[in-house]
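Atoms within each ligand, like the ligands themselves, are counted from 1 in listed order. Quantities reported herein were computed from a predicted structural model and do not represent experimental measurements.
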Amino acid sequence: MPLISIKNYIDGQLLDPASGNYLENVNPAIGQVYSQVPNSQLDDIDAAVQSAEKAFPKWAGMAASQRAEILRRLADLIDQNRERLVTAESDDNGKPMRLARAVDIPRVSANIRFYAGLSEGFASESHAMPDGINYTLRQPLGVVGVISPWNLPLYLLSWKIAPALAIGNCVVAKPSEVTPMTAYLFSELCIEAGMPPGVLNVVHGGGATTGDAMLTHPGIKAISFTGGTETGEHIARTVAPQFKKFSLELGGKNPNVVFADCDYERTLATSLQAAFANQGQICLCGSRILVQKSLHERFVNDFVSRAKAMKVGDPHEPDSDLGAVVSQPHQQKILQCIETAQQEGGELHCGGSAITVEGRCADGFFIQPTVFTGLSNESQTNQQEIFGPVVTIQSFEDEDQAIALANGTRYGLSSSIWTSDISRGHRMAARINTGVVWINTWMVRDLRTPFGGMKSSGTGREGGQESLRFFTEPKNVFVKY
Ligand code: NDP
């Protein structure tokens, strides 16, 4: 089969990279190159920024409702093309189609509709004084840069693009080179939806080349980034001296805290999902499970037997619980982390190795759900984000010890607390250092609420008004009577 050739979307057109150079794109479930992605350079970023700058005055000058109308047309097209996008996301990333159909793609149109509506109702403040009035204008920044990761490719890209566009910015976006396909299909749908040329530009390529060219481009006024903590550090170091605005959504090592008085069945089922959904490649995955001592043994036994029963298989099969991990290098990284856990003295209860899936996926990159106990919170395994289907279970005596363990990493993205004592739930939520806390659930998102991490999990918040404020510059005007 000829390779699908992904194009950049610049100035309303689907274009080859200026250099003519492409990178290979692999389907991780079958282990084969199936498309090629532009290896864009500064020239391409430059063209994208110029077209965005040209489009900005008219786009920013439209009524919010006019922009919202175009965005809603795009959301409708996402829904109409759902199955095509589901298949593309699964083939590009390795995730089960079932997951892409239930979570990834519906969330793309939801993100777009949500911000279309929210921007129509966007308001700014006024502060009255005896002799005059202040009012605050919140104006779009101009051309903004969006850089997104491979784990929830179009979901996370649209989560940034939607607020930026809805409030009047023009965007240059770089999806991960590892999973570029749905962003390409999205570009086609933007054209079909009648998005004016230059309002959104999608430039594909590697982080160190295309991504870096965005960070240093003087025409890009802000960077909204989701990805790993090390990349986040590099971005902060590069853009801060240029006084660009930035928002960083980074890694996590999220505690899933189980008290003995929890609703056991619900806790067990959801903890399993929190551990292994998307092959453990969600920043919010509950990868450190902390269980109160009196429940620990029973929980470990039941959790392990259910983990063993999970089906790792062809992402196209409706009964596959886990698909492939995103790439061979990532598979190797996860296997290396498993080896480290064993060297650190961890007791392996299940998984621990790559697995071969028969049939069309025989050359794919699969890993069994893996569970360790017996590792201290200070171990490398409990301190570093693995971002794969690997979890540890530790035990604790009481609330104080649970808090010490939960807060005892550099990360602070999300946490879950399982208890039937609601006062304890509130007490724990107040003491835990994560930007998002769930009590008796996991990964429930209300798009109006602030989302983001503390400590090395990032700076800034997304969601609701937070994103609209990030993508605008406040300007106070005082009028004297
Ligand atoms: P990376 O940090 O490797 O990459 C993220 C994006 O940054 C990619 O588009 C990448 O490009 C790009 N990039 C890499 N290097 C540079 C650079 N020097 N300059 C500019 N851009 C660059 O993360 P992953 O894609 O591996 O994603 C996994 C990480 O994302 C995990 O740590 C996970 O926790 C985190 N994440 C955080 C979320 C949150 O909301 N807090 C949500 C989802 C994931 P390319 O891939 O093309 O190299």
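- Per-residue contacts place Phe225 under 4.0 angstrom from the following atoms of ligand 1 (heavy atoms of the residue considered): 2 (O), 5 (C), 6 (C), 7 (O).
- Of all the listed residues (Gly211, Pro149, Gly207), Gly207 holds the heavy atom that lies closest to atom 17 (C) of ligand 1.
- Taking atom 28 (C) of ligand 1 as the reference point, the nearest protein heavy-atom neighbour is Phe387 CE2, 3.5 Å.
- In this structure, the side chain of Asn254 engages the main chain of Cys285 through a donor-acceptor pair within 3.5 Å.
- At distances below 3.5 Å, not a single donor-acceptor pair connects side-chain atoms of Gln281 with backbone N or O atoms of Trp150.
- No salt bridge links Arg445 with Glu462; every basic N to acidic carboxylate O contact stays at or beyond 4.0 Å.
- Contact check on Arg84 versus Glu188 returns a salt bridge, with a Lys/Arg side-chain nitrogen under 4.0 Å from an Asp/Glu carboxylate oxygen.
- Of all the heavy atoms in Gly453 and Glu249, the pair that sits closest is N-OE1, 4.0 Å.
- The closest approach between any non-hydrogen atom of Gly458 and ligand 1 is not below 4.0 Å.
- Proximity of a side-chain donor or acceptor of Glu473 to a complementary backbone N or O of Arg138 within less than 3.5 Å is not detected.
- Put simply, atom 4 (O) of ligand 1 has no protein non-hydrogen atoms near it, under 4.0 Å away.
- The backbone N or O of Asn440 lies less than 3.5 Å from a partner atom in the side chain of Arg266, making a donor-acceptor pair.
- Among Cys283, Gly435, Ser327, the residue whose heavy atom lies nearest to atom 36 (N) of ligand 1 is Cys283.
- Counting heavy atoms closer than 4.0 Å to ligand 1, residue Met214 contributes nothing at all.
- Between Glu177 and ligand 1, a contact under 3.5 Å exists for at least one N or O pair.
- Numbered from 1 in the order shown, with element, the atoms of ligand 1 that lie under 4.0 Å from a heavy atom of Leu156 read 42 (C), 43 (C).
- A donor-acceptor pair under 3.5 Å is formed between the side chain of Asp314 and the backbone N or O of His316.
- Against a heavy-atom cut-off of under 4.0 Å, Asn151 is close to the following atoms of ligand 1: 43 (C), 44 (C).
- Below 3.5 Å of separation, one finds an N or O of Gly205 facing an N or O of ligand 1.
- No salt bridge links Lys95 with Glu89; every basic N to acidic carboxylate O contact stays at or beyond 4.0 Å.
- Asn278 contributes a side-chain N or O that, together with a main-chain N or O of Asn151, makes up a donor-acceptor pair within less than 3.5 Å.
- Closest protein heavy atom to atom 24 (P) of ligand 1: Trp150 NE1, 3.3 Å.
- Close approach of ligand 1 to Phe451 is summarised as follows: ligand atoms under 4.0 Å from at least one heavy atom of the residue are 40 (O).
- Taking all atoms of both residues into account, the shortest heavy-atom contact from Val143 to Gly219 is CB-O, 3.6 Å.
- Considering both main-chain and side-chain atoms, Thr231 comes within under 3.5 Å of ligand 1 through a nitrogen or oxygen pair.
- The heavy atom nearest to atom 34 (O) of ligand 1, out of those in Glu385, Lys174, His204, Lys253, is found in Glu385.
- The two atoms that bring Glu230 and Arg410 nearest to each other are OE2-NH1, 3.4 Å, heavy atoms only.
- Between atom CG of residue Asp79 and atom CG of residue Leu85 there is a gap of 9.5 Å, rounded to the nearest 0.5 Å.
- If you check which protein heavy atom lies closest to atom 46 (O) of ligand 1, you get Ser176 OG, 2.8 Å.
- Taking a cut-off of under 4.0 Å to the non-hydrogen atoms of Thr226, the atoms of ligand 1 that pass are 5 (C), 36 (N), 37 (C), 38 (C), 39 (C), 40 (O), 42 (C), 43 (C), 44 (C).
- Between the CG atom of Leu156 and the CG atom of Asn111 there is a distance of 8.5 Å, given to the nearest 0.5 Å.
- Of all atoms in ligand 1, numbered sequentially from 1 with element shown, those under 4.0 Å from a heavy atom of Gly206 are 47 (O).
- Of the N or O atoms in Thr229, none lie within a sub-3.5 Å distance of an N or O in ligand 1.
- Interface atoms of ligand 1 facing Ile147, defined by a heavy-atom separation under 4.0 Å, are 6 (C), 7 (O), 9 (O), 12 (C), 20 (C), 21 (N).
- If you look at Gln281 next to ligand 1, there are no close heavy atoms at all, none under 4.0 Å.
- Within the 3.5 Å criterion, the main-chain N or O of Gly251 finds a donor-acceptor partner in the side chain of Thr229.
- Ligand-side atoms of ligand 1 in range of Leu215: 19 (N), 20 (C), range being under 4.0 angstrom from any heavy atom.
- For atom 35 (C) of ligand 1, the closest heavy atom belonging to the protein is Gly227 O, 3.2 Å.
- Taking 4.0 Å as the cut-off, Ser148 counts as a neighbour of ligand 1 on heavy-atom distance.
- The shortest heavy-atom distance from Gly452 to ligand 1 is not under 4.0 Å.
- By the criterion of a heavy-atom distance under 4.0 Å, the backbone of Leu250, and not its side chain, is placed next to ligand 1.
- Between Gly228 and ligand 1, a contact under 3.5 Å exists for at least one N or O pair.
- Here Ile147 contributes atom CD1 and Ile235 contributes atom CD1; the two are 4.5 Å apart, rounded to the nearest 0.5 Å.
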